[in-house]
Amino acid sequence: MTDPRILTVRPEPDEYAWTFGGAPPVARIAPGTVLDLYTEDCFAGRVRSEKDLVSEVCEFPFLNPQTGPFHIEGAEPGDTVAVHFVSIEPARDWAASTTVPLFGALTSTHTTATLQPPLPEKVWIWELDRARRTALFRAHEGDIELELPLDPMHGTVGVAPANLEVRSALVPDAHGGNMDTPEMRAGVTCYLGVNVDGALLSLGDGHARQGEGETCGVAVECAMNTVVIVELLKGIATPWPRLESDTHIISTGSARPLEDAFRISQLDLVQWLVRDYGFGELDAYQYATQTVESPLANVCDTNYTCVAKLRKEWLPARETYRGLHARLRETATALRR
């Protein structure tokens, strides 16, 4: 096996991208490149204590900074970029979460307007024990302290959108973006359809952990040291972001209302079964109905994101995406040695 090229990127504060599309590439990379990246948290590192309110220390729309974009040589519309997460590790011993006025699933928002006042701003600083792999929650009211296991993930992974669009890094859609699914963890391969020459891949928005749905709109937000392998599959289209783990194939859908995000993810899974696993369309519809798991990713962003996942052990023994996930897992294992 040829040793992959490793590119290390540690952006300066003025070197992040805030959109997908519309930003020049920070580097050109060949397929097979390993990216060793630092990503800043969604607040650009400005929320560091319980006194740092988002409305005072952050400037909208400069939220959710992305490391990238990376121009992938040879990537053209109709191809698929594969991003395999080798490792995702918190870069600091703390992380931040907040409530934000007019944002979140259990409050009035700009699009769900009511007479009730916005929720107050509060900040929770989570202590991370990277050796013990825990995150410590401290309640504002009372003396409750609870430890939860770390489950690092990336909320935002994506490429430039189609049709000359430029999308805020806060928005999930067919190009990827701010999907906020806990499935985007180490050991997983993310497949993204290419819309423009070079694809223009970016990622950020690390979470030390997050519940499904990201109910208040903010996870345990954390800067990350992340290693990924980037590959290119020529001539394979991916209409919506897909993930593959050792145990599941996973489709995503992002839209509003929530049922449309659900429909997109379920339809994409059905079409995946037809394309790669030999099902007829209605057979795939029936089989997915009886086997699918349907976690929510987020119900707070500009678009909501739903996930449809199916266990590989319940599928025919067929190869998907040319068996790339298994090969990338081998490369990742070699890198960790």
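Remember, predicted model here, so these are calculated numbers, not experimental data.
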(request) Would you name the heavy atoms of Gly253 and Trp240 that are closest together and state the gap between them? (result) CA-CE3, 4.1 Å
Sidechain N-carboxylate O distance under 4.0 Å for [X], [Y]:
X      : Y      : answer
Glu147 : Arg132 : yes
Arg46  : Asp52  : no
Glu244 : Lys309 : no
Lys51  : Glu56  : no

(request) May I ask you to check if Arg138 and Trp124 form a cation-pi contact, with NZ or CZ under 6.0 angstrom from the six-membered ring centre and within 45° of the axis? (result) no
(request) Verify whether one side chain among Thr189 and Arg242 offers a donor that lies under 3.5 Å from an acceptor in the other. (result) no
(message) Looking only at the side chains, is there a donor atom on one of Thr320 and Trp272 sitting less than 3.5 Å from an acceptor on the other?
(response)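 Short answer, yes.
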(request) Could you tell me which residues satisfy side-chain hydrogen bond (donor to acceptor under 3.5 Å, both in side chains) with Asp197, sequence neighbours excluded, listed by chain and number? (result)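 For Asp197 there are no side-chain hydrogen bond (donor to acceptor under 3.5 Å, both in side chains) partners, ignoring immediate neighbours.
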(request) Sequence neighbours left out, what passes side-chain hydrogen bond (donor to acceptor under 3.5 Å, both in side chains) with Glu319? Give chain and number order. (result)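 Expected list: none.
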Is it the case that more than 12 heavy atoms not belonging to [X] sit under 6.0 Å from its [atom1] atom?
X      : atom1 : value
Phe103 : CZ    : yes
Leu146 : CG    : yes
Glu281 : CD    : no

If you look only at distance, which donor and acceptor atoms sit under 3.5 Å apart when one is on a side chain in residues 69-83 and the other is two or more places apart or in another chain?
from: His71; atom 1: NE2; to: Arg28; atom 2: NH2; distance (Å): 3.4
from: Glu76; atom 1: OE1; to: Lys234; atom 2: NZ; distance (Å): 2.7
from: Asp79; atom 1: OD1; to: Gly235; atom 2: N; distance (Å): 2.9
from: Asp79; atom 1: OD2; to: Glu76; atom 2: N; distance (Å): 2.9
from: Asp79; atom 1: OD2; to: Lys234; atom 2: NZ; distance (Å): 2.7
from: Thr80; atom 1: OG1; to: Ile236; atom 2: O; distance (Å): 2.6
from: Thr80; atom 1: OG1; to: Thr238; atom 2: OG1; distance (Å): 2.7

(message) With ring-ring contact (aromatic ring centres under 6.0 Å, His included) as the rule and sequence neighbours excluded, what pairs involving residues 155-197 come up?
(response) Phe20-His175, Tyr191-Tyr321
(request) Identify, with sequence neighbours excluded, every residue that meets side-chain contact (heavy atoms from CB on, under 4.5 Å) alongside Pro172. (result)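 Pro172: side-chain contact (heavy atoms from CB on, under 4.5 Å) contacts with Asn178, Met179, Ser254, Asn298, Asp301, Asn303, Thr305.
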Just distance, no hydrogens or angles: give the donor-acceptor pairs under 3.5 Å from side chains in residues 10-18, sequence neighbours left out.
from: Arg10; atom 1: NH1; to: Asp36; atom 2: O; distance (Å): 3.0
from: Arg10; atom 1: NH2; to: Asp36; atom 2: OD1; distance (Å): 3.1
from: Glu15; atom 1: OE1; to: Glu12; atom 2: N; distance (Å): 2.8

(message) Check whether Thr33 reaches the backbone of Ala30 with its side chain - one donor and one acceptor, N or O, closer than 3.5 Å.
(response) yes
(request) Without swapping roles, check the side chain of Ser265 against the backbone of Phe262 for a donor-acceptor pair under 3.5 Å. (result)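 Side chain of Ser265 to backbone of Phe262, a donor-acceptor pair under 3.5 Å: yes, one is there.
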(request) Show the numbers, then the answer: is there a ring pair (Phe, Tyr, Trp, His ring centres under 6.0 Å) between His154 and His207? (result) CA-CA 6 Å; His154 272 279; His207 298 171; 8.5 Å; no
